[in-house]
There are 2 protein chains.
Amino acid sequence: MRTGQERQQITLEAVALHAHVSRQTISNALNAPHRLAPDTLARAKRSIDTLGYRPNQAARSLRTLSSQLIGFRIEPDRDGINGAVLDRFLHALCRAAKFEDYHLLLFTASDDASEIDGYDELLRGRAVDAFVLSSTHQGDERTRWLTERSLPFVTFGRPWGETDPQHAWVDVDGAAGTEAAVEHLIRRGHRRIAFIGWPPGSGVGDDRHTGWRRAVLANGLPQQGLAVRGEDGVESGRALAAKLLDLVQPPSGLVCASDSLALGALRAVADRGLVAGRDTAVVGFDDTPVAMAVAPGLTSIRQPVEDAASAIVRLLAERLSGVRVPPAGELIVPTLIERGSS
Amino acid sequence: MRTGQERQQITLEAVALHAHVSRQTISNALNAPHRLAPDTLARAKRSIDTLGYRPNQAARSLRTLSSQLIGFRIEPDRDGINGAVLDRFLHALCRAAKFEDYHLLLFTASDDASEIDGYDELLRGRAVDAFVLSSTHQGDERTRWLTERSLPFVTFGRPWGETDPQHAWVDVDGAAGTEAAVEHLIRRGHRRIAFIGWPPGSGVGDDRHTGWRRAVLANGLPQQGLAVRGEDGVESGRALAAKLLDLVQPPSGLVCASDSLALGALRAVADRGLVAGRDTAVVGFDDTPVAMAVAPGLTSIRQPVEDAASAIVRLLAERLSGVRVPPAGELIVPTLIERGSS
DNA sequence: ATGCCTGGTGTGAACGATCAAATCCACATG
DNA sequence: CATGTGGATTTGATCGTTCACACCAGGCAT
């Protein structure tokens with residue numbers, strides 16, 4: 001005697017008996033309703049409802065070679081403060097997947113190599129149909145490995161550094177985000193608008209830098225010496241902002257590549273007896289929960305992860321439908337959430 | 001022609017052929033190695049390795065009535081700032097599950113009722129073997145529903161308000177946490193130690209309040225008027241702390257029920273020109289990322305979610321092993337992370 | 001009337017694993 | 001020598017679904 005789960009499963013056979021039709025007819029009622037005569041369909045559906053039938057996933061999976069599961073690796077949230085975006089994304093992905101009758105299967109891995117082992121394991125056992133990858137980076141081994149085997153997957157993140165992408169991806173247009181931030185500050189009357197970002201080399205960081213640069217140049221604003229870059233983090237942001245604010249001609253607007261940096265910038269502003277939002281404007285990136293919680297409210301660029309998630313699922317569904325689809329990418333424009341800091 | 005996933009699956013039959021034994025022998029090599037003669041086992045294992053065989057999950061699941069999947073509902077992270085704990089928990093749970101050869105299957109639900117629908121759906125289709133529930137609360141419909149059907153599940157969170165629990169649970173001892181915080185402040189020389197918490201009624205909140213009260217009474221410290229309670233959030237914490245700091249005899253130590261409240265308290269301290277950690281000590285709860293990021297570093301009580309996760313998986317594994325086990329609970333003691341604020 | 005098609009429904013086989021039971025073999029025992 | 005014993009291995013059946021195909025009735029053209 002096992003646990004309660006042992007309860008007799010309601011099988012296709014049982015429903016067929018109840019509706020006085022064959023197994024296959026019930027199966028068709030669910031998978032190919034157009035094949036049935038209207039009254040047969042109605043009868044079948046009624047029996048399905050009254051008996052509360054759900055097809056056994058294992059049996060279906062065994063026969064159709066599809067588990068209706070999408071693999072996703074959650075990573076140990078590194079900095080912590082930015083993990084919130086991935087958290088929102090995970091939730092959105094889960095909801096989006098449900099629309100296509102997919103579920104998410106989670107697994108962990110400490111690095112890319114063991115993530116690949118995870119793929120291998122899951123695929124060999126036919127446990128998942130496809131993967132969603134997050135946090136793509138330059139020379140990503142994972143995408144290469146999956147592409148070589150022509151396995152279905154979509155990345156949340158561009159194929160950084162690849163001239164012509166070999167796979168499907170969805171990403172948020174970081175440059176458009178920082179660009180919007182600059183435009184926003186210009187409308188607020190700012191002229192000297194600086195950028196606080198990460199060291200060159202990271203795709204995401206460079207992208208956000210590009211947006212600032214583009215907007216500043218397009219509007220004929222000063223640019224010289226107004227871009228400072230250092231590692232992510234509150235303390236780092238404070239130091240970088242301090243350097244800017246202590247210039248002979250300090251900027252009045254600070255566009256940051258992350259909320260962590262922006263938090264630090266806010267502190268540097270306060271350190272100097274200035275008031276954020278009145279004397280100096282600060283804009284963050286990612287609209288993490290702290291952005292709302294912090295003192296005057298931090299204006300921040302919000303990634304529309306819900307849109308990204310549905311785009312990803314859509315691309316995935318195409319790729320799983322059977323027809324071979326060429327690699328495709330989608331850039332989603334983020335939105336600026338205005339708060340007290342600007 | 002479908003996608004690359006179509007690659008011929010390596011089947012038990014194929015491995016058996018390769019090792020010159022029968023299907024069942026290979027199966028035994030994996031599931032019941034003790035039944036095989038040493039040399040046969042070695043041969044079987046060698047063949048398994050060279051062919052890179054993994055049992056087809058669907059087939060195994062169909063036959064054994066177990067999917068090796070644990071269902072977990074992720075909720076739209078409400079306040080956001082505390083979502084970080086659930087995030088860490090999710091990760092830990094994923095790792096712990098792997099030890100017992102389980103994976104996590106995620107699903108979403110907007111409320112408890114639709115969460116129950118989710119259970120029903122997944123169980124009817126035999127998609128999962130068990131569930132892990134988080135955020136239990138008073139009069140939880142979900143646990144009742146699952147218990148009634150004697151389905152295997154474990155909650156992360158006590159069965160609040162139930163006299164004798166009907167199910168397995170694991171929780172973090174919040175009272176022990178706040179108690180430790182008070183003891184810590186006493187060692188630092190504080191005598192007037194206040195508590196900032198949530199309104200009475202929530203199990204978690206009352207638990208944390210209890211710990212403070214217990215420690216204060218045990219050490220003969222003043223208690224009158226030193227417990228203030230209001231909704232969670234930074235602003236709320238600021239207001240509540242302000243009230244305490246403006247007393248004729250203000251407390252020198254503030255123990256808070258959350259990092260959000262503590263963040264507000266820090267601000268109230270600064271508002272009055274006091275220095276946190278020197279003049280007034282502040283302790284938070286949950287050790288969210290902001291605790292480390294904030295000004296002098298926020299001392300906070302950290303929930304050992306890794307321990308909780310392994311305990312949960314252990315309880316679950318027991319319940320899934322076949323033998324009927326009585327309801328059991330486990331309380332895990334949190335640890336105090338000391339930082340600049342105390 | 002015969003044949004062909006088409007839409008609707010039923011039948012047998014197959015997916016790949018494990019369970020239960022049968023078989024085989026070596027060895028000890030009466 | 002026959003019989004029993006227990007360990008090691010194999011065989012057949014089975015889990016619940018969908019696929020491929022067979023069947024059947026009726027309409028239409030020949």
Side-chain angles (χ1 to χ4, degrees), chain A residues 2 5-45 47-48 51-68 101 123-127 129 322, chain B residues 2 5-45 47-48 51-68 101 123-127 129 322:
Chain A
R2 286 277 215 73
Q5 192 156 202
E6 293 298 280
R7 282 176 311 164
Q8 191 58 38
Q9 156 121 31
I10 296 145
T11 146
L12 211 47
E13 193 78 49
V15 184
L17 235 58
H18 183 271
H20 302 291
V21 290
S22 72
R23 259 176 2 218
Q24 188 62 37
T25 302
I26 303 296
S27 176
N28 285 337
L30 292 169
N31 302 319
H34 59 275
R35 285 199 201 155
L36 298 189
D39 58 330
T40 323
L41 180 60
R43 195 147 38 95
K45 284 207 161 163
S47 292
I48 290 171
L51 296 183
Y53 169 75
R54 297 287 147 191
N56 180 309
Q57 276 307 320
R60 169 182 283 213
S61 174
L62 177 59
R63 188 66 248 239
T64 62
L65 304 180
S66 107
S67 62
Q68 302 296 107
D101 275 316
L123 286 168
R124 282 214 146 84
R126 294 274 190 277
D129 293 344
Chain B
R2 288 278 215 71
Q5 191 157 202
E6 294 297 281
R7 281 175 312 165
Q8 190 58 38
Q9 156 120 30
I10 297 144
T11 148
L12 211 48
E13 193 80 46
V15 184
L17 234 58
H18 183 272
H20 301 291
V21 290
S22 72
R23 262 177 359 224
Q24 187 63 36
T25 302
I26 303 296
S27 175
N28 285 337
L30 292 169
N31 302 318
H34 59 276
R35 286 199 200 155
L36 298 188
D39 58 329
T40 321
L41 181 60
R43 195 147 37 96
K45 284 205 160 163
S47 293
I48 289 171
L51 296 183
Y53 169 77
R54 296 286 148 194
N56 180 308
Q57 276 307 320
R60 171 183 280 215
S61 174
L62 177 59
R63 188 68 249 241
T64 62
L65 304 179
S66 109
S67 62
Q68 301 298 107
D101 275 316
L123 286 168
R124 283 213 144 84
R126 295 274 190 278
D129 293 344

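Just so it is clear: chains get the letters A, B, ... in the order the sequence lines come, proteins before strands, and each one is counted from 1.
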Exercise. Does a side-chain heavy-atom distance below 4.5 Å link E13(A) with R23(A)?
Worked result: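 The answer is yes; the side chains approach within 4.5 Å.
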
Exercise. Under 4.5 Å between any side-chain heavy atoms of T11(A) and N56(A), yes or no?
Worked result: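 Contact flag for T11(A)/N56(A) side chains = no.
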
For this session: Could you check whether T40(A) gets within reach of a base, just the sugar-phosphate, or nothing at all, counting any heavy atom under 4.0 Å?
Result: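 T40(A): backbone/sugar contact only, no base atoms under 4.0 Å.
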
Between [X] and [N], is there a contact of a side-chain N or O with OP1 or OP2 at under 4.0 Å?
X: T11(A); N: dT17(D); result: yes
X: T25(A); N: dG10(C); result: yes
X: N56(A); N: dC15(D); result: no
X: N31(B); N: dT18(C); result: yes
X: T64(B); N: dC15(D); result: no
X: S27(B); N: dT18(C); result: yes

Can you say whether a donor on the side chain of [X] sits under 3.5 Å from an acceptor on the base of [N], or the other way round?
X: R63(A); N: dT17(D); value: no
X: Q24(B); N: dC19(C); value: yes
X: R60(A); N: dT17(D); value: no
X: R23(A); N: dT18(D); value: yes

[atom1]/[X] to [atom2]/[Y] distance, rounded to the nearest 0.5 angstrom?
X: R60(A); Y: R54(A); atom1: CZ; atom2: CZ; answer: 10.5 Å
X: I48(B); Y: Y53(B); atom1: CD1; atom2: OH; answer: 7.5 Å
X: I26(A); Y: N31(A); atom1: CD1; atom2: CG; answer: 11.5 Å
X: L12(B); Y: L17(B); atom1: CG; atom2: CG; answer: 11.0 Å

Interatomic distance where [atom1] belongs to [X] and [atom2] belongs to [N] [whole Å]:
X: R126(B); N: dC15(D); atom1: CZ; atom2: P; value: 13 Å
X: R124(B); N: dT17(D); atom1: CZ; atom2: C1'; value: 18 Å
X: L65(B); N: dT14(D); atom1: CG; atom2: P; value: 15 Å
X: L41(B); N: dG7(D); atom1: CG; atom2: C1'; value: 15 Å
X: L30(A); N: dT18(D); atom1: CG; atom2: P; value: 7 Å
X: R43(A); N: dG8(C); atom1: CZ; atom2: P; value: 14 Å
X: L17(B); N: dT11(D); atom1: CG; atom2: P; value: 12 Å
X: L62(A); N: dT18(C); atom1: CG; atom2: P; value: 12 Å

Problem set entry | DNA chain C: 5'-proximal contact among A59(B) and R35(A) (nearest heavy atom) |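 Nearest-nucleotide comparison on DNA chain C picks R35(A).
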
Exercise. Any donor-acceptor pair under 3.5 Å linking the side chain of S67(B) with the backbone of A127(B)?
Worked result: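 Yes: the side chain of S67(B) pairs with the backbone of A127(B).
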
Exercise. Just by distance, do the side chain of R124(B) and the backbone of G52(A) share a donor-acceptor pair under 3.5 Å?
Worked result: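 Here the side-chain-to-backbone pair exists.
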
Write down the protein N/O and nucleotide N/O pairs, taken from nucleotides 24-27 of chain D, whose separation is under 3.5 Å; answer none if there are no such pairs.
none

For this session: Measure from the side chain of L36(B), starting at C-beta and using heavy atoms only, and say which of dT10(D), dT9(D), dT18(D) lies closest.
Result: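 The closest nucleotide is dT9(D).
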
